[in-house]
Amino acid sequence: MNQDKSNSPLEGDQKPIYLALSGGVGGAKLALGLSQLLAHRLFVMANTSDDFIHLGLNISPDLDTVMYTLANLNNKELGWGLANESWQFMNALEQLNQPNWFRLGDRDLATHITRTELLKQGNTLSQVTQRLTVALDIDAHIFPMTDQVVSTFVRLEDGSALGFQEYFVKEQCQPKISGYFFEGIEKTKSSKQFISTLDNPNLAAIIICPSNPFVSIEPILSIPETADAIRQHPAPVIAVSPIIAGQAVKGPTAKMMQELGIPSSVLGVAEYYQQQHGDLIDCFIIDHKDQHLQPELESMGLSVLAVNTMMNTLQDRVTLAGHCLSLAAQWTSEHKEK
Ligand code: GDP
């Protein structure tokens with residue numbers, strides 16, 4: 001087991017390290033593959049703009065999904081929460097006629113209560129997350145995108161705004177959206193671990209996981225100076241498409257794209273990132289089902305790799321993670337030669 005749980009550069013360790021930007025489910029799948037190959041050399045920065053306070057508890061859905069997945073404790077049937085869960089708390093809550101749209105399992109509750117208590121004691125979310133990952137025996141470094149509060153809202157067609165969890169969980173993504181925004185983002189600073197990871201001379205690549213580009217990755221990149229800092233870093237930025245053959249594997253990404261007037265395809269994803277962040281991304285990994293779009297993506301200046309990106313099994317996750325690392329090494333050697 002990794003003994004060094006600090007997020008500072010690993011002393012005397014010259015091996016490359018990697019930074020992954022992640023939302024919840026899609027991001028955590030690739031993060032798991034990467035963690036199998038890299039252990040403590042993996043740094044995962046998770047979206048926290050889905051975080052909210054519910055029943056007095058600080059809930060961080062994406063951080064928890066990444067933590068539970070990397071600890072191999074995630075509930076594979078539900079796709080969220082912990083395995084071997086029981087629901088006594090929810091049943092009791094229902095009996096008291098309290099809101100039950102956001103399900104909190106008994107075991108999961110321990111995480112939220114611990115986080116809430118540690119935050120109340122004055123710890124930052126980064127410190128709390130580090131305590132939780134150490135307790136869960138996770139080798140990789142997982143940290144929030146910021147220690148400040150940011151909240152995603154979706155804009156509905158009538159102009160009103162809906163909190164993200166109400167849209168995502170309570171309304172099951174049914175309402176049509178015309179946009180989204182991250183309340184408080186302009187006042188945030190990226191977490192210290194992000195800065196120290198970027199400053200680490202061994203950083204070999206920044207990997208944008210196949211997460212929702214709008215509400216999982218965009219909040220991370222919208223933190224002031226974050227996208228610029230990534231763009232200016234010499235390591236390649238590798239994005240993995242969350243869209244396969246025009247469809248999302250899970251969740252509202254494709255539906256959101258249609259409603260936002262963005263073509264729901266790998267081209268739509270690449271164009272979105274380019275429009276928002278210029279030449280941030282160097283390499284784009286797409287599914288082999290989208291290989292016919294490779295020339296068009298290459299004409300946008302991207303190095304493209306078409307492989308299987310559907311991560312059904314652990315081996316799929318590890319294989320895709322391996323492709324990310326090889327592509328990073330190849331890109332770096334080609335660009336050193338120039
Ligand atoms: P959320 O915060 O829980 O919604 O999770 P993310 O934003 O991290 O992930 C949602 C995205 O993951 C969706 O766009 C899915 O299409 C994508 N996704 C989920 N599983 C896979 C997979 O196996 N392969 C790829 N390429 N994308 C996936």
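Values below: all heavy atoms of this structure, side chains included; hydrogens, waters and symmetry mates excluded. Both ligands and their constituent atoms are indexed starting at 1 by order of listing.
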I need the L21 CG to N47 CG distance, nearest 0.5 Å. 10.5 Å

Drop me the distance from D147's CG to L119's CG, to the nearest 0.5 angstrom. 9.0 Å

Indicate, as side chain, backbone, both or neither, the part of [X] found under 4.0 angstrom from ligand 1 when only non-hydrogen atoms are considered.
X: K29; result: side chain
X: N312; result: neither
X: T253; result: side chain
X: K250; result: backbone
X: N47; result: neither
X: P242; result: both
X: S241; result: backbone

What residue and atom, counting heavy atoms only, is the protein's closest point to [atom], and at what distance?
atom: atom 8 (O) of ligand 1; answer: S211 OG, 2.7 Å
atom: atom 28 (C) of ligand 1; answer: V249 CG2, 3.5 Å
atom: atom 2 (O) of ligand 1; answer: G24 N, 3.1 Å
atom: atom 5 (O) of ligand 1; answer: V25 N, 3.0 Å

Out of F164, F214, F168, W80, indicate the one that has the non-hydrogen atom closest to atom 4 (O) of ligand 1. F168

Among A254, P210, C209, closest by any non-hydrogen atom to atom 11 (C) of ligand 1: P210

Kindly check if the number of other-residue, nucleotide or ligand heavy atoms within 6.0 Å of [atom1] ([X]) is above 12?
X: E186; atom1: CD; result: yes
X: N84; atom1: CG; result: no
X: K76; atom1: NZ; result: yes
X: R107; atom1: CZ; result: yes
X: K255; atom1: NZ; result: yes
X: E296; atom1: CD; result: no

Between H335 and W331, what is the ring plane arrangement, given parallel below 30°, perpendicular above 60°, and tilted in between? parallel

Hey, can you tell me if F52 and W101 have their rings parallel, tilted or perpendicular (30° and 60° cut-offs)? tilted

Within ligand 1, which atoms have a heavy atom of [X] less than 4.0 Å away?
X: D62; result: 2 (O)
X: G27; result: 8 (O)
X: G23; result: 8 (O)
X: S216; result: 2 (O), 6 (P), 7 (O)
X: T309; result: 22 (C), 23 (O), 24 (N), 25 (C), 26 (N)
X: A248; result: 16 (O)
X: N212; result: 6 (P), 7 (O), 9 (O), 10 (C), 11 (C)

[X]-ligand 1 polar pair, N/O distance under 3.5 Å:
X: Q247; result: no
X: I243; result: no
X: V240; result: no
X: I244; result: no
X: G26; result: yes
X: A28; result: no

Same apolar cluster (I L V M F W Y, side chains within < 4.5 Å links), L293/I243: yes

Provide the closest heavy-atom pair for K250 versus L78 in the form atom of the first, atom of the second, distance. NZ-O, 4.5 Å

Minimum heavy-atom distance between P224 and T188, given as atom pair plus value: CD-O, 3.5 Å

Identify which one of V44, L19, N202, I206 satisfies the side chain to side chain contact (heavy atoms under 4.5 Å, CB included) criterion when paired with T197. L19

Return a table of donor-acceptor pairs under 3.5 angstrom between the side chains of residues 171-185 and protein atoms on other chains or two or more places apart.
| from | atom 1 | to | atom 2 | distance (Å) |
| --- | --- | --- | --- | --- |
| Q172 | NE2 | V169 | O | 2.7 |
| S178 | OG | L156 | O | 3.4 |
| Y180 | OH | Y272 | OH | 2.7 |

